[in-house]
Structures are given as structure tokens and as C-alpha cells.
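First comes the structure, then the notes that go with it.
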Amino acid sequence: MGVVTPPTDRTPKQDRSRATRRRLLEAAVACLAEHGWAGSTVSVVAEHAGVSRGAAQHHFPTREDLFTAAVEYVAEERSAALRALPVQGRKDVVAALVDLYTGPLFRAALQLWVAASNEAQLRPRVTELEARVGRETHRIAVELLAADETKPGVRETVQGLLDMARGLGLANVLTDDTARRRRVVAQWAALVEDALG
């Protein structure tokens, strides 16, 4: 008897499961950014991802599991994209770091922060996640800026840049702040260049 091989056009179950998980994570971030915490339920995310509520709950048993995993997933994706940036000068790095805080990920994270400020079960998870994401972003910024943190004031300069970027992200939440942001980014790029040498 010969061995029966499955058709090659079928996607293995594990790959389908990973694809479903990814769709759910991306849909969760999009829903948080668009509808906020109150309007982002597991059902809404499942519908947006094109999967059943049961499939969503199979991957993420609770709402908190889904949304913290979603923000973490996209933060990791963004960190990978930042690490892959071709180093073209500090001005480009400053602009890329600001972009990190003015896109949908930041809007979603902001919604999660607000929810965590009012929901005790969510707060420790979001606090730990944000601390980890903040450390990783700082580490990437130091690397991309070729900053020597052994020199006095350099660590604070990098952290100030990230704090400024977060502030620009907040300013962009209610209105499109692109024109002003470009001028601020250009000024900060010059300040960072001067401070880092």
C-alpha cells in the first residue's frame, strides 16, 4: 500500500490558527483606535476580523487578554520596523520616532491607558506592558541615534525626545497637527544633533 499525502493546497491547521490570531490582534488595535475601549468588544473585534466570537475567545479568553495582546503585538511589529530603518541621519530617526506616537498604535494604546486608569483588573497588565514597550523603544532610539549614554545628559536627551514625541501624539488625537509637528520635529532633530554631537 502507498502512503496517502494530503493535498498541498490546504493550509495546515496551525498556520490557520496563527493567521486567525493575527487578524484578531490587528482588528483589536483598529477597533480600539476607532471606537475606543467602550465600543471595542470581543464581538465587534471578531466581526471586524471575520471570525466567530467563539474563535476569538478560543485565542483570547478575556477582553483584557485580547486588547493587551493586540497592543503588545503591534508594538513589537513597530519596534521591528524601527530596528529595520536604514540609518540616514538623526533627523530621519527623530521623525520615525515621532511617527511611532502619531499613528493608530498610539491611539489604541491611549484608549487602553484610559481604560486601565478606571479598571483595576486591567491596570497592572497595561502598566507592565507599557514599561516594557517604553524600555524597548528607548533602547532602539539609543541605537538608531548612535547615542552614547555614558556621557552626561545623553540619556535624558533621548528620554526627552520620546516624551516630546508622546506629547505630539496626544496633540494629534483631536486634530490633524501635521504642519506644526513637522516644524517641531525639525527643531528637535537639530537639538538632538547638538546634544549628541
Side-chain angles (χ1 to χ4, degrees), residues 23-45 47-49 63-64 66-85 88-119 122-123 125-127 129-138 140-141 144-145 156-196:
R23 282 198 322 271
L24 284 165
L25 293 172
E26 290 170 354
V29 169
C31 287
L32 266 180
E34 185 178 333
H35 305 295
W37 176 257
S40 297
T41 64
V42 174
S43 295
V44 168
V45 171
E47 182 179 332
H48 193 273
R63 182 181 187 206
E64 291 79 12
L66 173 61
F67 288 106
T68 54
V71 172
E72 182 173 23
Y73 165 77
V74 179
E76 288 170 2
E77 292 290 307
R78 186 65 183 133
S79 292
L82 279 175
R83 277 192 224 97
L85 278 176
Q88 299 177 358
R90 288 183 173 144
K91 182 177 180 179
D92 292 333
V93 172
V94 169
L97 290 167
V98 168
D99 286 347
L100 178 66
Y101 292 99
T102 55
L105 169 61
F106 181 74
R107 282 183 177 275
L110 184 59
Q111 294 295 331
L112 203 57
W113 296 346
V114 171
S117 72
N118 296 314
E119 302 207 17
L122 189 57
R123 187 176 304 121
R125 296 175 76 168
V126 173
T127 301
L129 171 63
E130 287 304 318
R132 193 165 12 106
V133 168
R135 286 189 302 271
E136 179 64 10
T137 303
H138 184 94
I140 292 168
L144 291 173
L145 292 166
E156 292 77 10
T157 298
V158 173
Q159 193 57 53
L161 165 62
L162 295 174
D163 290 344
M164 180 275 307
R166 190 177 298 112
L168 289 175
L170 285 171
N172 199 55
V173 168
L174 296 177
T175 60
D176 183 1
D177 200 34
T178 305
R180 185 181 73 87
R181 187 170 61 246
R182 263 190 241 119
R183 293 189 307 272
V184 172
V185 167
Q187 180 62 31
W188 263 88
L191 293 171
V192 166
E193 188 63 50
D194 286 347
L196 301 184

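These numbers come from the heavy atoms of this one structure, side chains and all, not from hydrogens, waters or symmetry mates.
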Mind checking the [atom1]-[atom2] spacing from [X] to [Y]? Nearest 0.5 Å is all I need.
{"X": "L144", "Y": "L97", "atom1": "CG", "atom2": "CG", "result": "6.5 Å"}
{"X": "K91", "Y": "E193", "atom1": "NZ", "atom2": "CD", "result": "11.5 Å"}
{"X": "L25", "Y": "R23", "atom1": "CG", "atom2": "CZ", "result": "11.0 Å"}
{"X": "L162", "Y": "H138", "atom1": "CG", "atom2": "NE2", "result": "7.0 Å"}
{"X": "L122", "Y": "W37", "atom1": "CG", "atom2": "CH2", "result": "5.0 Å"}

Measure the shortest side-chain to side-chain distance between [X] and [Y] over non-hydrogen atoms and say whether it is less than 4.5 angstrom.
{"X": "F67", "Y": "V45", "value": "yes"}
{"X": "L161", "Y": "M164", "value": "yes"}
{"X": "V158", "Y": "V192", "value": "no"}
{"X": "T41", "Y": "V44", "value": "yes"}

Distance-only check: which donor-acceptor pairs under 3.5 Å involve side-chain atoms of residues 100-114, not counting sequence neighbours?
{"residue": "T102", "atom": "OG1", "partner": "V98", "partner atom": "O", "Å": "3.4"}
{"residue": "T102", "atom": "OG1", "partner": "D99", "partner atom": "O", "Å": "3.4"}
{"residue": "R107", "atom": "NH1", "partner": "V173", "partner atom": "O", "Å": "3.3"}
{"residue": "R107", "atom": "NH2", "partner": "N172", "partner atom": "O", "Å": "3.4"}
{"residue": "R107", "atom": "NH2", "partner": "V173", "partner atom": "O", "Å": "2.9"}
{"residue": "W113", "atom": "NE1", "partner": "E130", "partner atom": "OE1", "Å": "3.4"}
{"residue": "W113", "atom": "NE1", "partner": "E130", "partner atom": "OE2", "Å": "3.1"}

Taking all heavy atoms of L168 and all of R181, pick out the closest pair and write down the distance. CD1-CG, 3.8 Å
Where is the tightest heavy-atom contact between R123 and A116, given as atom of each residue plus distance? NE-O, 3.2 Å
Taking V42's backbone N and O only, do any of them form a donor-acceptor pair with R63's side chain (distance below 3.5 Å, no angle check)? no
With a 3.5 Å distance limit and no angle check, can you tell me whether S40 reaches the backbone of C31 through a side-chain donor-acceptor pair? yes
Using a 6.0 Å distance limit plus a 45 degree cone around the ring axis, check whether R183 lies over the aromatic ring of W188. no
Using side-chain contact (heavy atoms from CB on, under 4.5 Å), reason through R166 and D163 one step at a time and then give a plain yes or no. CA-CA 5 Å; R166 190 177 298 112; D163 290 344; 3.0 Å; yes
Can E76 and V133 be said to form a side-chain contact (heavy atoms from CB on, under 4.5 Å), step by step? CA-CA 8 Å; E76 288 170 2; V133 168; over 6 Å; no
Considering residues at least two apart in sequence or located in another chain, which fulfil the salt bridge (Lys or Arg N to Asp or Glu O under 4.0 Å) criterion with R132? E72, E128
